[in-house]
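Only one structure is covered here, and it is reproduced in the block below.
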Amino acid sequence: MKIATYNVNGVNGRLPVLLRWLEESGPDIVCLQELKAPQEKFPEKAIRDLGYEAIWHGQKSWNGVAILSRVGEIHETRRGLPGDPDDLHSRYIEAAVAGVLIGGLYLPNGNPKPGSKFDYKLRWFDRLIDHAAELLGSGLPVMLAGDFNVMPTDLDVYKPERWLDDALFAPEARAAYARLLGQGWTDALRTLHPGEKIYTFWDYFRNAYARNAGLRIDHLLLSPVLADRLVAAEVDRDVRGWEKTSDHAPVWVELADKPQRRRRPAAASEVGASL
DNA sequence: ATGACATGTCGTACATGA
């Protein structure tokens, strides 16, 4: 089973690119971010015509997340993160699909830093960490997929020293990501490509894609049960080179039906985090 | 250090993004 995440940067403006990618790459389940469309303007029919059912949480102009599936019903379990009833951004949607509980997320960008937007990013991250702990505690096969707006390490940025003051690479943001992973999540792409320069975003400026001046900010995190089923994780890099494309590329994992590897022993820090 | 480019909006400039 192939599960992908893709920040489309406008689901309607990007519809031809999205549909072409769905046909060519054939993911079974997809998390989309940055729909930039109100609830009633999601292109449900075009997506359904390709064999996908969908749930989505739209918002006028900004944000917006969706989950698509061509492998069975989508059982929505929540939209919006708990912990702040005043947070009206459409940034989180969660569903059980084909035996996997999937949280699709679009973490706040946080720039400029310092400022209220950066504070919001860190608060949102804290709420995600709290909720993620509950998900892990369930023992179910769980995945968190989306645009985390964080480069976890130096290896994930084309030029780390240029990004130190940016909200996407700030020590506080990286620390929050590390805290999340410390609960016991597996960063699928990094785990199967250790030490490799591998990016998921290239900005539109200065020929960034051609120069491979990229960032790795779109992540697929697997709970221990799912990590045992991980067989592949890749970036559909070519999509970033298409006409009228998003500044992000799709990222996906292939999961086997059964465990493929022996579970590694939990680290002491993980045991502590789960208590 | 700046700005390059792209999105959507009751546009024709602005807010937002990363």
Side-chain angles (χ1 to χ4, degrees), chain A residues 5-19 21 31-43 56-66 87-92 104-125 128 145-174 176-177 189 197-219 235 237 239-251:
Chain A
T5 179
Y6 186 19
N7 179 323
V8 287
N9 188 9
V11 72
N12 286 305
R14 220 64 77 183
L15 194 56
V17 169
L18 173 62
L19 298 179
W21 169 71
C31 295
L32 297 177
Q33 303 87 38
E34 276 207 88
L35 303 179
K36 291 186 170 180
Q39 190 67 14
E40 65 275 15
K41 290 208 175 143
F42 182 84
W56 64 96
H57 193 195
Q59 182 180 333
K60 195 173 85 169
S61 307
W62 320 117
N63 311 315
V65 286
D87 180 8
L88 300 179
H89 290 197
S90 298
R91 296 182 177 276
Y92 187 83
L105 65 101
Y106 174 47
L107 208 135
N109 174 304
N111 278 308
K113 175 184 107 59
S116 61
K117 292 194 173 174
F118 188 62
D119 296 341
Y120 172 58
K121 176 178 196 162
L122 295 182
R123 282 201 315 275
W124 204 94
F125 223 140
L128 177 64
D147 177 357
F148 286 68
N149 269 317
V150 178
M151 298 84 91
T153 71
D154 284 2
L155 186 56
D156 304 310
V157 199
Y158 67 98
K159 199 174 270 197
E161 64 276 14
R162 280 263 175 101
W163 288 83
L164 283 171
D165 290 330
D166 192 278
L168 277 69
F169 198 53
E172 300 95 321
R174 277 183 284 162
Y177 187 83
L189 197 59
K197 256 177 28 178
I198 184 163
Y199 303 136
T200 67
F201 168 92
W202 298 261
D203 77 34
Y204 292 119
F205 311 149
R206 295 209 214 127
N207 217 15
Y209 178 61
R211 295 187 299 118
N212 198 27
L215 311 173
R216 190 174 75 93
I217 55 178
D218 300 274
H219 308 302
V235 179
R237 196 180 186 286
V239 176
R240 179 61 181 83
W242 294 357
E243 287 290 311
K244 297 286 288 175
T245 200
S246 169
D247 38 8
H248 296 250
V251 189

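Per chain, numbering begins at 1; letters A, B, ... match sequence-line order.
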#### Entry: Separation of B:dC5 P from A:Lys36 NZ (nearest whole Å)
16 Å
## Note on the structure
Pairing partner of B:dG17, by Watson-Crick or G-U wobble and under 3.5 Å for both distances, is B:dC5
### Task
Give a yes or no on whether a donor-acceptor pair under 3.5 Å exists between the nucleobase atoms of B:dA6, that is its base, and the side chain of A:Asn9.
no
### Task
With heavy atoms under 4.0 Å as the rule, sort A:Phe148 into base, sugar-phosphate or nothing.
nothing
### Task
May I ask whether A:Tyr204 stacks on the base of B:dA6, given the cut-offs of 5.5 Å between ring centres and 30° between planes?
no
### Query
Side-chain N or O of A:Lys117 less than 4.0 angstrom from OP1 or OP2 on B:dG17?
yes
### Query
Given atom CH2 of A:Trp163 and atom P of B:dA18, what is their separation to the nearest angstrom?
10 Å
### Message
I need the minimum non-hydrogen distance between A:Thr245 and A:Arg14, along with the two atoms involved.
### Response
O-NH1, 3.0 Å
#### Entry: Rounded distance (Å) that lies between atom P of B:dG8 and atom CD of A:Gln59
14 Å
### Message
Test your reading of the model: is there a side-chain donor-acceptor pair from A:Lys113 to the backbone of A:Ala170, 3.5 Å cut-off?
### Response
no
### Query
Between B:dA4 and B:dA18, how far is it from one C1' atom to the other, in whole Å?
13 Å
### Message
Please confirm whether the shortest side-chain N or O distance from A:Lys60 to OP1 or OP2 of B:dC10 is below 4.0 Å.
### Response
yes
### Query
Given B:dA18, is OP1 or OP2 found less than 4.0 Å from the side-chain N or O atoms of A:His248?
yes
#### Entry: P gap between B:dC10 and B:dA6, integer Å
23 Å
